[in-house]
Visitor: 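Take this structure, written in structure tokens, and hold onto it; I'll ask about it next.
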Number of protein chains: 2
Amino acid sequence: MSEATIADVARRAGVSAATVSRFLTGHSVRAADLIRAAIEDLDYRPSPLARSLRSGRTRSIAVIVPDVTNPFFAAVVKGAETVARQDNYNLFLYNTDEDVEREVAVLADLVGRVDGAILAPTVESDEAPLRAHQAGLPVVFLDREIDGSPMFDAVLVDNAGGSRRAAEHLLDLGHRRIAIVNGTPHSTPGRQRCESFLETLKSRGVEPPGPYQERGDFREEGGYQAVMRLLALEYPPTAMYVTNNLMTAGALRALHDIGIRVPDQLSIVGFDDLQLAALLLPPLTVVDRPMEEQGALAMRLLLRRLHDNQDSVPRRIVLETKLLVRGSTAPPPDARPRPGLRAQPTAVSFSTTRRPSN
Amino acid sequence: MSEATIADVARRAGVSAATVSRFLTGHSVRAADLIRAAIEDLDYRPSPLARSLRSGRTRSIAVIVPDVTNPFFAAVVKGAETVARQDNYNLFLYNTDEDVEREVAVLADLVGRVDGAILAPTVESDEAPLRAHQAGLPVVFLDREIDGSPMFDAVLVDNAGGSRRAAEHLLDLGHRRIAIVNGTPHSTPGRQRCESFLETLKSRGVEPPGPYQERGDFREEGGYQAVMRLLALEYPPTAMYVTNNLMTAGALRALHDIGIRVPDQLSIVGFDDLQLAALLLPPLTVVDRPMEEQGALAMRLLLRRLHDNQDSVPRRIVLETKLLVRGSTAPPPDARPRPGLRAQPTAVSFSTTRRPSN
DNA sequence: TTGAAAGCGCTAACAC
DNA sequence: GTGTTAGCGCTTTCAA
């Protein structure tokens, strides 16, 4: 069952390989019918490898994300795949596990293997995308950027707006002791979500002390630990903003383990919706955004760049976010926001396990 | 910035291209140091395309799943990717959306593009994998099989055991009016989970009537609709088994919308854990299994087959499942299991929207 | 329009 | 161990 080659088809159709090749690439050919028949008979399929070697184009795209297991990135990948398939592109998937080394290695290995890449870079100081770009590999940034990257296409979200609305929501409810559980500040979303949230608080006269500003790692365990630390403070916050979905899951687990009642004792706002977020009791208030669409747009941008030979001006698309107010946010339990009066205990254990948080 | 070729390296090192090639493939060569230096200087990277064309091996594997957005498949993909990367393999990802046409197209297109494929086939009657196999493409089945596929490697789970334990759990709690919300019966898990569950019930003298046996589609909406129909019955079940995670999410949404209290009014067991399942109120009782491991094992099987030239005997791995009893299951509300007495109303609305279920 | 010929970058025989 | 030669299967000049 060895594969038929273009030469076999040519022979059978009584033409040259070149003619078959022209037929395949859409040029008009006299012996079209014979060739079609020969292809059919031989079940001929052009070798994508040979084609790519010759043409220099692979018709494949790499999508590089920290973790497909994160529902956000899963959605992104799905959106990207759907668009790619419409244009007959194939999709390579790489997980970096938020590991810069890994990302550098992947990117370096990609040149010559794909026509372009969609990348959610691990840190903003990353230089690998620049090298890839210089090596002629078009890169579209997804959700995150790197420093000084005006020459790259990017599909981002309005982290600032979403975080501002989250902050305003909590302030409007009357919270003053508001904490933020942030991911790594070296990434675009980590930085933007934090900055905007804190600024909004500040503009309303609320400045969370250091221990209220947790730096996690965008992972579930980070969210869990951060919440544990926050609730061990002498004056724990009455509200918190958790800046990504995985950490939110961890935070909820921590609250559940300690036995904190949401929102009676503590209000919580997450970033990115989760599968069952609306079914939790209380349903979770989150900053939401179009996830599959973000992946789809990134792929569209990339394909556009591949097809428009002229190196068109880089495009940055910023998607809107939306605050979904559900049940996990409510006014604070205590009308006396100033620590000075003893905060009423909100759980059995946490005030005894006081721990400083750097 | 055009890429250096093997000829450039050879020239610079003062040897022939063949020698450089030998060096690259690990053979011992006299001029190793010079070649290494030349490669370094020129930042030479062998073209994977040319290499593949010549050698016939691509060092890439296709993973074909219905939907990466399903947490189970996301985990599978992650497991597979992790193993692939250890062996320097690249991973193509394809979503089929449970569409057989799409699956056939993908599989046909794969020959010559990858060294092997991991596939979760859409239906058991699928013939495409056989054709791929005949065309020389090694295929490993994941989670699902096709009819008469003894020549394929496969990594499955003990659907029967898990479903049996789910059934026994509900029976032991005293339930008699037990429903099953199943996915498509044309897939291995759909069939096995259903058969085993029903058999177990039967062996204990419980035979759910037709309307208690819902056939969904393994999607969230299917679960939602199925539950809506079940609860519109004159004698709704007191317990239900939902055979996959997406449908379980839909089922929970339906219960939430109608206002059914779990487990007081209705017990529910799902298949596959979900991100927040343990945090729901009540936390969800599910049949769990190792998800990433399933993907990792599939990749290992495939790589083993690629490297063992001898066509080793096909391997079927069946992973164990585990019933995680959490809070969504409890004894039935009513000690009178026999319909005959009017079932007590369990929600405001559902008894008025009675709808026959085929 | 078409065929002949060259070559994409690499590896695998084959002699030495 | 090494160089020479011959392709892997295709596309793209170049003449006709």
Side-chain angles (χ1 to χ4, degrees), chain A residues 1-36 38-39 42-60 88 90 109-115 135-137 309, chain B residues 1-36 38-39 42-60 88 90 109-115 135-137 309:
Chain A
M1 208 76 186
S2 65
E3 295 295 300
T5 76
I6 201 170
D8 299 327
V9 174
R11 202 171 310 122
R12 196 168 224 275
V15 296
S16 77
T19 301
V20 177
S21 174
R22 290 192 191 98
F23 170 81
L24 289 173
T25 48
H27 296 238
S28 73
V29 173
R30 228 189 298 284
D33 289 340
L34 274 72
I35 295 176
R36 219 188 316 273
I39 288 175
L42 273 47
D43 190 29
Y44 167 72
R45 307 187 150 273
S47 153
L49 252 31
R51 219 169 218 201
S52 297
L53 179 59
R54 190 60 240 244
S55 67
R57 266 159 288 108
T58 62
R59 273 204 115 67
S60 37
N88 257 301
N90 301 93
D109 203 59
L110 239 41
V111 182
R113 193 185 292 282
V114 299
D115 294 345
L137 182 74
N309 297 357
Chain B
M1 208 75 185
S2 63
E3 295 293 302
T5 76
I6 200 171
D8 300 327
V9 174
R11 202 170 310 122
R12 197 167 221 277
V15 295
S16 77
T19 300
V20 177
S21 174
R22 289 192 192 97
F23 169 82
L24 289 172
T25 48
H27 296 238
S28 74
V29 171
R30 229 191 295 286
D33 288 341
L34 274 72
I35 295 176
R36 219 187 316 273
I39 287 175
L42 272 48
D43 190 30
Y44 165 73
R45 307 187 151 274
S47 152
L49 252 31
R51 219 168 217 201
S52 297
L53 179 59
R54 187 64 243 244
S55 67
R57 266 158 288 108
T58 62
R59 274 204 115 66
S60 36
N88 258 300
N90 301 92
D109 203 60
L110 239 42
V111 181
R113 192 184 293 280
V114 299
D115 293 346
L137 183 75
N309 297 356

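Below, chains carry the letters A, B, ... as their sequence lines are ordered, and counting in each starts from 1.
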Visitor: For D/dG9 and A/Arg51 - does any side-chain N or O of the residue sit under 4.0 Å from the phosphate oxygens OP1/OP2?
Guide: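 Checking D/dG9 against A/Arg51, no side-chain N or O comes under 4.0 Å of OP1 or OP2.
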Visitor: Rounded to the nearest 0.5 Å, what separates atom CD1 in B/Ile6 from atom OH in B/Tyr44?
Guide: 4.0 Å
Visitor: From CD1 of B/Ile6 over to C1' of C/dC8, roughly how many Å is that when rounded to an integer?
Guide: 14 Å
Visitor: So how far is it from A/Asn88 CG to A/Ser60 OG, rounded to the nearest 0.5 Å?
Guide: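 Rounded to the nearest 0.5 Å, the CG-OG separation comes out at 12.0 Å.
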Visitor: Please confirm whether the backbone N or O of B/Val15 pairs with a side-chain atom of B/Thr19, one donor and one acceptor, at under 3.5 Å?
Guide: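 Pair absent, no side-chain N/O of B/Thr19 close to backbone of B/Val15.
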Visitor: On a heavy-atom basis, which atom in A/Arg113 and which in B/Thr58 lie closest, and how many Å separate them?
Guide: NH1-O, 4.4 Å
Visitor: Specify the separation, in whole Å, of atom CG of B/Leu49 and atom C1' of D/dT11.
Guide: 14 Å
Visitor: Think A/Thr5 has a side-chain N or O under 4.0 angstrom from the OP1 or OP2 of D/dG9?
Guide: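 No, A/Thr5 has no side-chain N/O under 4.0 Å of OP1/OP2 on D/dG9.
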Visitor: Separation of A/His27 atom NE2 from C/dT1 atom C1', in whole Å?
Guide: 12 Å
Visitor: Do the side-chain N or O atoms of B/Ser28 get closer than 4.0 angstrom to the phosphate oxygens (OP1, OP2) of D/dG1?
Guide: yes
Visitor: When we call it a touch if two heavy atoms are under 4.0 Å apart, what does B/Tyr44 touch: a base, just sugar-phosphate, or nothing?
Guide: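 B/Tyr44: backbone/sugar contact only, no base atoms under 4.0 Å.
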Visitor: Between D/dG9 and A/Ser47, is there an OP1 or OP2 to side-chain N/O distance shorter than 4.0 Å?
Guide: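 Indeed not, no polar side-chain atom of A/Ser47 lies that close.
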Visitor: Less than 4.0 angstrom between a side-chain N/O of B/Ser16 and OP1 or OP2 of D/dT2, yes or no?
Guide: no
Visitor: CZ of B/Arg54 versus P of C/dA13: gap in Å, rounded?
Guide: 8 Å
Visitor: Given the structure, check if the side chain of B/Arg22 and the base of D/dG3 hold any donor-acceptor pair shorter than 3.5 Å.
Guide: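 Such a pair is found, so the answer is yes.
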Visitor: Write down the distance between CZ (A/Arg11) and P (D/dG9), rounded to a whole number of angstrom.
Guide: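 Between P of D/dG9 and CZ of A/Arg11: 12 Å.
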Visitor: When the distance from CG of B/Leu53 to P of C/dG7 is rounded to whole Å, what number comes out?
Guide: 17 Å
Visitor: Between the side chain of B/Thr25 and the main-chain N/O of B/Ser21, is any donor-acceptor distance below 3.5 Å?
Guide: yes
Visitor: Find the distance A/Arg59:CZ to D/dC10:C1' and express it as a whole number of Å.
Guide: 16 Å
Visitor: Between P on C/dT2 and CG on A/Leu24, what's the gap in Å once rounded to a whole number?
Guide: 13 Å
